[in-house]
Each structure stands twice: as structure tokens, then as C-alpha cells.
Protein chains: 2
Amino acid sequence: MPTKRQALILAEIVRIYNETGQPVGSKTLMGQLPFHVSSATIRNEMATLEEDGLIMKNHTSSGRIPSTAGYRYYLDHLLQPTAVPPQVFDKIAANFDRDYHEIDEIVKQSATILSNLTNYTAISLGPESADMTLTGFRIIPLGNDQIIAILATSAGTVESRVYRLLHLISSDDLEKAVRIINDQLVGLPLTVVKQKLAGEIPQLLTKYLHSSAGFLDLFGDVLKRAASQHFYVGGRSNLLNFAQPTDLDQLKSLYQLLDKESVLPSLLDLNQIDPRPDDPQQVLGPISVRLGDEFNNSLLSDYGLITAKYHVGQHGDGVIAILGPTSMPYSQLIGLLQLFSDELVKKLVEYYGYFHDDS
Amino acid sequence: MPTKRQALILAEIVRIYNETGQPVGSKTLMGQLPFHVSSATIRNEMATLEEDGLIMKNHTSSGRIPSTAGYRYYLDHLLQPTAVPPQVFDKIAANFDRDYHEIDEIVKQSATILSNLTNYTAISLGPESADMTLTGFRIIPLGNDQIIAILATSAGTVESRVYRLLHLISSDDLEKAVRIINDQLVGLPLTVVKQKLAGEIPQLLTKYLHSSAGFLDLFGDVLKRAASQHFYVGGRSNLLNFAQPTDLDQLKSLYQLLDKESVLPSLLDLNQIDPRPDDPQQVLGPISVRLGDEFNNSLLSDYGLITAKYHVGQHGDGVIAILGPTSMPYSQLIGLLQLFSDELVKKLVEYYGYFHDDS
DNA sequence: GTTAGCACTCATAACAATCAAGTGCTAAAA
DNA sequence: TTTTAGCACTTGATTGTTATGAGTGCTAAC
């Protein structure tokens with residue numbers, strides 16, 4: 001446990017290291033700290049901080065840089081979010097000022113905007129609620145043996161995909177099948193729909209149809225797509241801004257990692273409720289930060305991820321996050337992210353608002 | 001005009017430089033050429049090649065590397081495509097062995113497969129025909145003021161997008177509008193549809209509907225999307241394989257370039273019919289190569305693009321391309337690309353084949 | 001507990017020396 | 001006329017040396 005003075009020194013090291021990217025020495029600190037002590041005193045304090053594992057040096061006679069543990073302590077106890085300048089606020093609003101046709105368009109754009117604002121990479125996930133229900137399922141023949149299947153949910157998301165039935169099922173049976181799905185399943189949560197799809201639905205179909213071949217696969221496929229999480233990654237190329245030219249291979253792997261939708265949930269740590277059981281300050285609100293070694297992926301050991309969970313009424317929770325180097329201007333970014341997720345929520349509520357005018 | 005012997009030397013320089021990435025000297029060449037002359041003789045020949053601008057050196061006493069003009073000459077007169085080993089052939093087939101629901105899925109996957117095979121970046125564009133016609137337009141209400149608009153074309157592509165009408169138009173009028181579109185426009189090429197949309201259609205709509213507000217924008221939007229080219233870029237991260245660590249900024253710009261769909265047509269040089277008016281050898285068939293300074297973009301000055309145009313019956317032409325450094329193993333890649341585009345065409349024909357069973 | 005002073009460490013830059021690869025040129029050989 | 005051996009010369013890369021400077025740890029005095 002660092003003393004108050006040590007904590008101030010740590011905070012200053014974080015700040016300066018962040019600005020300059022260079023290790024911070026005792027003399028530099030002397031000129032910057034809010035109290036005056038000699039460099040020798042600072043050196044003594046720094047020695048203690050180093051014993052505690054909060055700062056470290058590259059070689060015997062270099063200045064200190066924060067260790068991951070140091071960042072952790074800084075984030076949990078010292079950081080104060082900075083107010084966001086009004087022009088940034090305007091910029092967010094201006095970027096969001098478009099007509100969106102689907103929620104995913106808003107969510108996707110939010111990742112783009114956030115990455116442009118920060119010059120880091122942004123990841124976004126739309127609002128999701130466990131009790132999102134099925135509101136309708138349609139199949140429209142398009143001629144040429146093509147059909148399009150459309151599934152709408154209470155969250156306002158619409159999933160559609162083209163299929164080809166290859167004469168496996170008559171159009172009569174198809175209509176019946178769609179009617180059965182709607183009669184039986186509309187209004188039910190997608191999770192329940194999934195269960196019923198494995199249970200009673202197949203029996204119903206075989207009872208009333210001549211052949212249900214292919215239909216179940218089709219419906220299952222659309223359902224799976226409608227229920228799956230869609231992540232959007234914006235500003236991938238910003239990873240090049242701070243990459244060491246030496247480890248391009250690592251960077252390549254990271255690029256490939258971000259393209260795999262399957263790993264993003266674990267990155268964003270979606271399953272964990274309260275990640276920090278100790279006593280972190282509460283200024284961060286719904287924002288949390290994960291640092292290098294806290295990922296279970298060595299590729300990210302030099303990266304940090306600032307995650308904000310946002311909440312959109314009954315439509316559930318979404319996530320928006322900033323991925324960058326361990327050393328980021330956290331106090332500014334967290335302020336920004338707080339504001340940004342508020343704006344995103346506003347935009348989403350606005351969308352849903354129209355949405356419910358009519359229902 | 002290089003002599004026969006100089007041409008052989010140039011070809012060998014290209015080959016060795018490609019393998020090693022190092023400038024090639026006269027002694028190295030002496031051991032590799034299909035004829036024996038002394039290194040001094042080779043030096044003389046190289047001096048001539050350099051006068052002709054086909055090779056160059058980094059500094060006074062370094063080996064030679066091919067200049068862009070040298071590559072150009074090599075590609076036009078010397079290159080011989082290499083036969084593709086059967087296991088590569090199998091790999092292509094295995095990767096394509098899936099059920100595809102839409103043409104764009106095949107096209108997209110083709111970029112991914114090609115980039116994996118080559119370890120370069122691949123760009124693909126689906127087959128397009130100028131006389132693709134409109135085969136149907138639907139609007140399906142989804143409740144909650146949402147509708148989905150669906151446009152199908154003779155090329156088998158289906159464009160769908162969700163819209164919200166906000167009470168601007170009654171569902172009666174909407175149905176009528178859709179009927180008018182289908183009556184008037186089905187069977188016409190999309191280009192003609194576009195013209196009519198600017199001409200007589202608005203009048204028809206105002207004649208028969210109470211209000212057509214919003215509908216024209218909506219239809220125009222779907223139409224535009226259906227008619228626009230969709231490029232797919234696969235293996236972006238492969239750009240990191242050969243990037244100089246020094247010019248990460250340039251690389252970042254290139255990444256952003258590849259994300260802009262609007263610049264890809266000019267990259268692929270889609271408008272040009274016969275790019276090389278002089279007398280290139282014909283072994284390349286429908287494949288052409290563009291080198292650095294032949295792009296009108298300085299970002300690409302160190303890159304090369306191997307482009308194959310393919311043809312799918314009446315469904316028009318598509319393009320598949322490999323983007324990599326100026327120095328690539330062209331003879332292998334061109335053989336591969338030839339084979340690959342054949343396989344892609346097969347797969348597409350297979351898709352269209354089913355497609356027309358029914359019509 | 002704080003501070004001035006000092007010896008010590010280490011990365012970095014600058015500089016010279018050396019080496020290896022490769023060139024151009026000349027004069028002799030074919 | 002073409003080819004080749006020989007040689008002087010250029011240049012980048014490597015290595016070793018030295019100087020510099022930022023920064024530390026420690027000690028003794030305040």
C-alpha cells in the first residue's frame with residue numbers, strides 16, 4: 001500500500017509517461033509534483049514504489065515506467081475522469097446525426113465514430129436482452145427456386161437470408177409451416193423458441209405437412225443468426241499508430257484475432273459480473289478497464305481495453321469499448337467514453353422511441 | 001531492347017531477387033545462368049541493362065534489382081506461368097466445397113481462400129452484366145412501422161433492407177406502388193429502371209396514389225444498392241507480411257484505402273479494355289498485372305496487382321485479384337490465379353445451374 | 001524525515017577501423 | 001570483336017572505442 005505521497009508520485013509518473021512515452025526520472029518529477037521535495041526524496045519514494053511492484057525500470061539507471069500493477073492501482077484508486085471539451089461533444093452529435101434504418105447500423109457506426117475520436121480501435125456490441133422475443137417469421141418466394149426468410153424480434157432487429165429449396169418442400173407446405181411457426185412461437189423469447197425447435201415443433205410439422213424437409217434447418221439457421229451477437233470493430237488500422245515496428249507478426253495475429261467474432265465476447269469479458277472484488281473507487285461507473293495480463297491471451301499483453309456497458313431500457317445491455325496500448329490517456333478516454341455511451345443510448349432510445357409509437 | 005542474353009540475365013535477376021529479397025551481383029548470377037560466361041561479361045551486360053532502365057542499384061557498389069520497367073518487361077516478354085501442384089488444386093476445391101446461399105457468399109469466400117493460398121491480399125468482384133434485369137420487388141410489413149423491401153435481379157442477387165415509413169404512406173398506397181413497380185419495370189435492365197425512376201414513374205405514382213411520399217426514395221435506395229458493385233477484400237493482414245517496418249504510416253493509409261469501396265474500381269482498372277497497346281506475349285490470357293507507378297496512387301508505388309477477369313456465361317464478368325509487393329513470384333501466382341478463377345467460375349456456374357433449372 | 005553530494009550504471013550517439021560484396025575499367029586473350 | 005582476368009574503388013554493414021548524459025543508490029549532514 002503506497003502512502004499518499006507515493007500515490008501522487010505514481011499518478012504523475014503515469015501522466016508524464018503517457019504524454020512523452022519516455023521513462024520518468026526523479027528530476028523531471030520534482031518540477032511537476034504538486035508539492036516540493038528534492039529529487040533525492042523522490043528517489044527514495046520511487047524505490048519503495050518499485051519494491052511494491054507498481055513501477056519498474058528498463059535498466060539499472062533508467063527512469064521509471066508504471067508496471068501493469070501500477071496502472072491497475074492508478075485506475076482503481078487515483079484516476080479522475082477529465083471533462084470532455086464541448087467541441088468533442090458536438091462532434092459526436094454531428095457524427096450521429098443521420099437516419100438509421102436498423103439498430104445494427106447505429107451500433108456499427110458508433111464503433112467507427114469512437115475510433116475516429118480516439119485514434120484507437122473501437123469495439124461495439126448492440127443492446128441485447130435475454131428476453132428478446134420473436135415477433136414474426138416470413139418466407140417470401142422470389143422465383144427461380146429462391147426464397148427469402150425473414151425473422152423479426154422484439155428488439156427491432158430483422159434477420160433475413162436467401163435460401164434455395166430445391167423442390168424439397170411444396171409451397172403449400174411452406175406456407176403451412178410458416179403459419180405454424182407464427183402461431184406457436186410468436187411472443188416467446190428466442191431462447192424458448194430454440195428449445196421448442198428441438199422439442200415439439202418437429203412433431204407438429206410432421207403432423208400437418210407432407211414434408212418438412214429443409215424447413216427446420218432453414219428456420220434454425222435464421223434463428224441462430226438472429227440470436228447471435230454482432231460485434232463491430234472500427235478503426236482497426238489505428239493499431240498501426242502505436243505498434244512497435246519490431247513485432248509486426250504479433251500485430252498480424254491481433255488483426256486476425258479481431259476478425260474472429262468468436263473471441264470477442266471473452267475479450268469484452270461479457271460473462272463476468274463484477275471483475276474487481278477489492279475496493280476500487282466508484283468514479284468509473286459502468287466503465288471498467290482490463291489490462292494486458294488480465295486477458296487470457298498473450299497477444300494482448302501490451303494492450304488495454306476500456307469497456308463501457310450501457311443500458312437501453314427494456315432492450316437490454318450493450319457494450320462499447322476502446323482498445324489501445326497499456327499506456328493510454330485513461331482519464332480523458334474514460335470521460336469521453338462515458339459521454340459517448342450516453343449519446344449512443346440517446347440515439348438508440350430515439351430509434352426505439354419511434355419504434356414503439358406504433359405498437 | 002535487350003538482347004536474348006540480357007533478357008535471360010534479367011529473368012534470372014527477377015527470379016533470384018524474388019527468392020532472396022537481396023540485390024543480385026554478377027558472381028551470384030554466374031553460378032545460376034543457363035550458360036557460362038565470366039562475371040565480367042555479366043557485369044558488362046548488366047551495365048547495358050541498367051542503361052536501358054530495366055535494372056538498378058541502390059548505391060554505387062551494390063548488386064542490381066529489377067526496376068519497375070524491368071518487371072514490366074519481364075511480365076510482358078519473359079514470364080512463363082508455372083504449373084500448379086495438384087495439392088493446391090485440391091485445397092482450392094476443398095475450400096470451395098460448401099453450400100452457398102448467395103452469389104456474394106461465393107465471391108466473398110473466394111477472396112478469403114485466395115488470400116490464404118497466396119499469403120497476399122485478395123480482392124474479388126462478383127460477375128456483373130450490364131443487362132441484369134429487375135425480376136421482382138416486394139415490400140413486407142413487419143409490424144412496429146418497420147417494413148422490409150426486397151429487390152431481386154436476373155443475376156440471382158437479392159437486395160433487402162429494413163425501412164420505417166413513419167405514417168407517410170398508407171399500406172394501401174404502398175401495395176399499389178409495389179404493384180406499379182412490378183407491372184412497369186420487371187424484366188427491364190436496372191439501368192433502364194433507373195432512367196424510368198427519374199422519368200415516368202413518379203408521374204404514375206402521383207396519378208394512382210394519394211401520397212407516394214418516401215416510397216420513391218426507398219425504392220431508389222434499394223435499387224442503388226442492388227446495382228452497385230460489391231467488392232470483397234480478403235487477407236488484409238497479409239499486408240503486414242512484407243511491409244517495411246519503417247513506413248507504417250503508408251501502410252495505414254493503404255488499409256484505409258482498401259476500406260473505401262469507391263477507390264477499388266480504379267485500382268482494378270475496370271474501365272480500361274486493353275491496358276497494354278504494345279506487343280506483350282499472350283500467355284497471360286485474361287490475366288494482367290499492374291505495377292506501382294501504373295496506378296494513379298502513390299500509396300501503391302511499391303505494390304503490384306495481378307488481376308484476372310473471369311466470365312460466367314450470360315451473367316457477365318467478374319474480377320479476382322492479388323495485391324502484393326512489386327516483387328512477387330509472378331510465374332507461380334499467375335498459374336495459380338488462372339486455375340483459381342476457373343474453379344471460381346465452375347462454382348458460380350454450378351450455382352447458376354441450379355438457379356435456372358426452375359425458371 | 002529530508003537533502004546535498006557523489007560514485008556508479010547504462011543506453012545512446014559519434015567516430016574510426018575493418019570487412020565483404022560488388023562495380024567499372026583496362027589490358028590482354030580468344 | 002568479344003570475352004576475361006585483374007585491380008582499384010565505392011559503399012553498407014559490422015565492430016570497437018570513447019564520450020555524454022540521464023538517472024540511480026547510498027551516505028552523511030541537516
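In what follows, every chain begins at residue 1, and chains take the letters A, B, ... in the order their sequences are listed.
Between N119(A) and N241(A), the shortest heavy-atom contact is O-ND2, 3.4 Å.
Atom CD1 in I9(B) sits about 15 Å away from atom P in dG22(C), given to the nearest Å. Rounded to whole Å, atom P of dG23(D) lies 13 Å from atom CD1 of I55(A). One can place CD1 of I13(A) at 13 Å from C1' of dT24(D), the figure rounded to the nearest angstrom. If you take CG of N58(A) and P of dG23(D), they are 12 Å apart, rounded to a whole angstrom. One can place CD1 of I65(B) at 16 Å from C1' of dT23(C), the figure rounded to the nearest angstrom.
Taking the six-membered ring wherever Trp is involved, the centroid distance between the rings of Y255(A) and Y255(B) falls below 6.0 Å.
A salt bridge links D259(B) with R236(B): the distance from a Lys NZ or Arg NE/NH1/NH2 to an Asp or Glu carboxylate oxygen falls below 4.0 Å.
With hydrogens and angles disregarded, no donor-acceptor distance shorter than 3.5 Å links the side chain of T28(B) to the backbone of V24(B). Checked by atom type and distance alone, the side chain of S301(A) never pairs as donor or acceptor with a backbone atom of N297(A) at under 3.5 Å. Proximity of a side-chain donor or acceptor of S67(B) to a complementary backbone N or O of M56(B) within less than 3.5 Å is not detected.
Remark: V37(B), S38(B), A40(B), T41(B), R43(B), N44(B) in residues 16-51 of chain B come within less than 4.0 Å of DNA chain D through at least one heavy atom.
For R64(B), no side-chain nitrogen or oxygen approaches OP1 or OP2 of dA21(C) to under 4.0 Å. For T60(B), a side-chain nitrogen or oxygen approaches OP1 or OP2 of dT11(D) to under 4.0 Å.
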